[in-house]
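Proteins come first, then strands; the chains are lettered A, B, ... in the order of their sequence lines, and each starts at number 1. Source: prediction; values computed, not measured.
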Amino acid sequence: AQSVTQLGSHVSVSEGALVLLRCNYSSSVPPYLFWYVQYPNQGLQLLLKYTSAATLVKGINGFEAEFKKSETSFHLTKPSAHMSDAAEYFCAVSVPGRGSYIPTFGRGTSLIVHP
Amino acid sequence: DAGITQSPRHKVTETGTPVTLRCHQTENHRYMYWYRQDPGHGLRLIHYSYGVKDTDKGEVSDGYSVSRSKTEDFLLTLESATSSQTSVYFCAISEEVDQPQHFGDGTRLSIL
């Protein structure tokens, strides 16, 4: 069975500082991995997707994530935080099997950006 | 943006009443999903559909039923609403199951 763990329900950074949101997954087969962002009172929007083409994936709004098989991780980073990055971020894992590829979502990390 | 419309956007109802939420898409995507979002739980899958009249259960399907009689519409029904079903409900669509999902703006449901 697949699972995903997001470390830290809240992450607080200063504007201009590095953003690091952690995601670890559990899967017995190579997974697809996703990061989504949710702004208040909106649905989720795709930030980026890993599908085994390249381990470093670049997404929208300056975010990127690196797939590390040995660490079963897919952490999301951004070099310099903006106030507009304040939102809820969700990691999701998708693997083949029963309910093939239906993704499982993490519990989310709320990013707080201080001026 | 993907054309997904959820209705209603807000609803308040009483315990024991039936409730139906509607998700309408204009993208002709094959897959449609219903999730509920609760603090501390993230998104949990209720049911999903992989075609007209083809549906399957998710991890929190008890107390919910779905129907998909047309490609563009996916209905979620609470046959007899309970207070534990107070939540924000999201519909999502995807072209194929391994493709990214596109989400609606959610329905905030309160059951008193």
> Taking only residues at least two apart or on different chains, which pairs with a member in residues 31-62 of chain A satisfy disulfide (SG to SG under 2.5 Å)?
Replying inline: none

> Do A/Leu76 and A/Ile60 share a hydrophobic cluster (ILVMFWY, side-chain heavy atoms under 4.5 Å, transitive)?
Replying inline: yes

>> Taking 4.5 Å as the heavy-atom cut-off, does anything in residues 36-50 of chain A contact chain B, and if so which residues?
In response: A/Tyr36, A/Gln38, A/Asn41, A/Gln42, A/Gly43, A/Leu44, A/Leu46, A/Lys49

> More than 12 foreign heavy atoms under 6.0 Å from CD of A/Glu15: is that the case here?
Replying inline: yes

> If two hydrophobic side chains count as joined below 4.5 Å and joins carry through other members, does B/Tyr48 share a cluster with B/Val97?
Replying inline: yes

>> Which heavy atom of B/Asp98 sits nearest to which heavy atom of A/Phe34, and what is that distance?
In response: O-CZ, 4.2 Å

> Where on B/Leu43 is there a heavy atom nearer than 4.5 Å to chain A: the side chain, the backbone, both, or neither?
Replying inline: both

> Under 4.5 Å, heavy atom to heavy atom, which residues of residues 104-112 of chain B contact chain A?
Replying inline: B/Gly104, B/Asp105, B/Arg108

>> Between B/Tyr35 and B/Val88, is there shared hydrophobic-cluster membership here, with clusters defined by ILVMFWY side-chain heavy atoms closer than 4.5 Å?
In response: yes

> Is it the side chain or the backbone of B/Gln37 that comes within 4.5 Å of chain A heavy atoms, both, or neither?
Replying inline: side chain

> Under a 4.5 Å heavy-atom cut-off, does chain A meet the side chain of B/Tyr33, its backbone, both or neither?
Replying inline: side chain

> Cluster question for you: counting only ILVMFWY and a side-chain heavy-atom cut-off of under 4.5 Å, with indirect links fine, are A/Val11 and A/Met83 together?
Replying inline: yes

>> Looking only at heavy atoms and a cut-off of under 4.5 Å, which of B/Cys91, B/Gly40, B/Ala92, B/Ser94 has the most pairs with chain A?
In response: B/Gly40

> Between OG1 of A/Thr51 and CD of B/Gln99, what distance do you get to the nearest 0.5 Å?
Replying inline: 8.5 Å

> Do any of residues 104-115 of chain A have a heavy atom less than 4.5 Å from a heavy atom of chain B, and if so, which, in residue order?
Replying inline: A/Phe105, A/Gly106, A/Arg107

>> Quick check on the hydrophobic clustering: are B/Tyr31 and A/Tyr101 connected, directly or via other members, by side-chain heavy-atom contacts under 4.5 Å?
In response: yes

>> Which atoms of B/Arg44 are under 4.5 Å from chain A, going by heavy atoms: the side chain, the backbone, both sets, or neither?
In response: neither

